[in-house]
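Reminder, nothing fancy here: chain letters follow the sequence lines and each chain counts from 1. What's counted below: heavy atoms across the whole structure, side chains too, no hydrogens, waters or symmetry copies.
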Protein chains: 2
Amino acid sequence: MYTIGEVSKLLNISTHTLRFYEKEKIITPERTVRGDRRYSESHVQWLRFVIKLKETKMPLVQIQEYASLFLQGDETTHKRLNLLKNHQDHVQNQIQVLMEIDDLLLKKILAYEEYLRKQDFS
Amino acid sequence: MYTIGEVSKLLNISTHTLRFYEKEKIITPERTVRGDRRYSESHVQWLRFVIKLKETKMPLVQIQEYASLFLQGDETTHKRLNLLKNHQDHVQNQIQVLMEIDDLLLKKILAYEEYLRKQDFS
DNA sequence: ATACTGATTAGAGTAAACTCTAAGTCAAGA
DNA sequence: TCTTGACTTAGAGTTTACTCTAATCAGTAT
């Protein structure tokens, strides 16, 4: 079990942010008798996943929604499966958009390089 | 030449946002005698590109930087090229991350489906 | 003439996601 | 015993990117 400080160092998130995530119901660590937070290995795993989602700029509300899925009981399995599938759709869509932009950027870059090459000869 | 309202409809950006972008030096349309904004075809092209960059969550400051290089003219070509290349790197990175998440989601989805199949038999 | 539409400005307000502050408790080491 | 450092809370402040308001003006429709 990790303290908030340990998790903070391990994952490079400030303790402020970890408490903020708790307030926002994104993670709910256990507590010691005197009230200190204790994060288990699976809490850390979950946070790593959250960080991945954040890297793609997924809004916190969506991550929240996702998190609430896991806190719900077994009888919501179908609902959870649907939500996962929706998320996957969204992710695949985003990949599509990014690949188009990658292509656009490539074209612009090539145009610039061509322009510079021509300049060299003049 | 387009009025602000026409551009707003054409590109699905509010007139508020268009004026905001002007204040932030992202675009500088011409003006009529009485002071109304007039956007040319190339202004619209530039805005379309800005929208694409936004889709990849490029921060406004970076778009600003790019725009200002454009206004400074020819001797900034190298700088602009570098900026584009950096952004392309960033986009490709995002694609990578998203594909990892897509994979993770697929695994989770398959696990759920397996679980549901087993339930059907019991 | 009057109302409607669409434009102008400066500046205030909002939402998201932190980020920090104040004021404190508690346990361990010099 | 003192100090250091880790932890606690509620709540205030910050940044980004809008988003809206108020007050005004010009041109057109009824």
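- Taking only side-chain atoms of H16(B), from C-beta outward, the nucleotide of dC7(D), dG11(C), dT21(D) with the closest atom is dT21(D).
- Salt-bridge annotation for D89(B) and K85(B): absent, with no side-chain N of the basic residue lying under 4.0 Å from a carboxylate O of the acidic one.
- OP1 or OP2 of dT9(C) lies within a sub-4.0 Å distance of a side-chain N or O belonging to R31(B).
- Candidate nucleotides dC7(D), dA26(D), dA17(D) were compared by shortest atom distance to the side chain of I4(A), and dC7(D) ranks first.
- Rounding to the nearest 0.5 angstrom, the gap separating the CG atom in L98(B) from the CG atom in L104(B) is 12.0 Å.
- Following rounding to the nearest Å, L18(A) (CG) and dC18(C) (P) show an atom-to-atom distance of 11 Å.
- If you take CZ of F20(A) and P of dA10(D), they are 15 Å apart, rounded to a whole angstrom.
- The CD-P distance, from E55(A) to dA17(C), rounds to 16 Å in whole Å.
- Whole-Å rounding puts the L60(B) CG to dT19(D) P distance at 11 Å.
- Side-chain N/O atoms of R19(A) include none lying less than 4.0 angstrom from OP1 or OP2 on dA17(C).
- In this model, the phosphate group of dT16(D) is not approached by any side-chain N or O of K57(B) to a distance below 4.0 Å at OP1 or OP2.
- Remark: P of dC18(D) and CD of Q64(B) are 11 Å apart, rounded to the nearest angstrom.
- For I63(A) and dA17(C), the CD1 to C1' distance is 11 Å, given to the nearest whole Å.
- When each of dA27(C), dT9(C), dA17(D) is scored by its nearest atom to the side-chain atoms of R34(A), the top-ranked nucleotide is dA27(C).
- In terms of position on DNA chain C, the residue among G35(B) and V61(A) whose nearest nucleotide sits closer to the 5' end is G35(B).
- Each of K9(B) and T17(A) was assigned the nucleotide of DNA chain C with the nearest heavy atom; the assignment lying further toward the 5' end belongs to K9(B).
- Nearest nucleotide to the R37(B) side chain, out of dA17(D), dT9(C), dA17(C): dT9(C).
- Note: Y66(A) and F49(A) have tilted aromatic rings, judged against thresholds of 30 and 60 degrees for the angle between ring planes.
- Considering only the side chain of T3(A), dA6(D) comes nearest among dA6(D), dC18(D), dT8(D).
- We find that CE of M58(B) is positioned 16 Å from C1' of dT16(D), with the value rounded to whole Å.
- When the nucleotides dC18(D), dT8(C), dC20(D) are ranked by their closest atom to the side chain of K54(B), dC18(D) comes out on top.
- Side-chain N/O atoms of Y21(A) include one lying less than 4.0 angstrom from OP1 or OP2 on dC18(C).
- For E24(B), there are no salt bridge (charged side-chain N to carboxylate O under 4.0 Å, His left out) partners two or more places apart in sequence or in a different chain.
- Here the C1' atom of nucleotide dC18(D) and the CG atom of N12(B) are 16 Å apart, to the nearest Å.
- In this view, K52(B) satisfies the salt bridge (charged side-chain N to carboxylate O under 4.0 Å, His left out) rule with no residue, not counting sequence neighbours.
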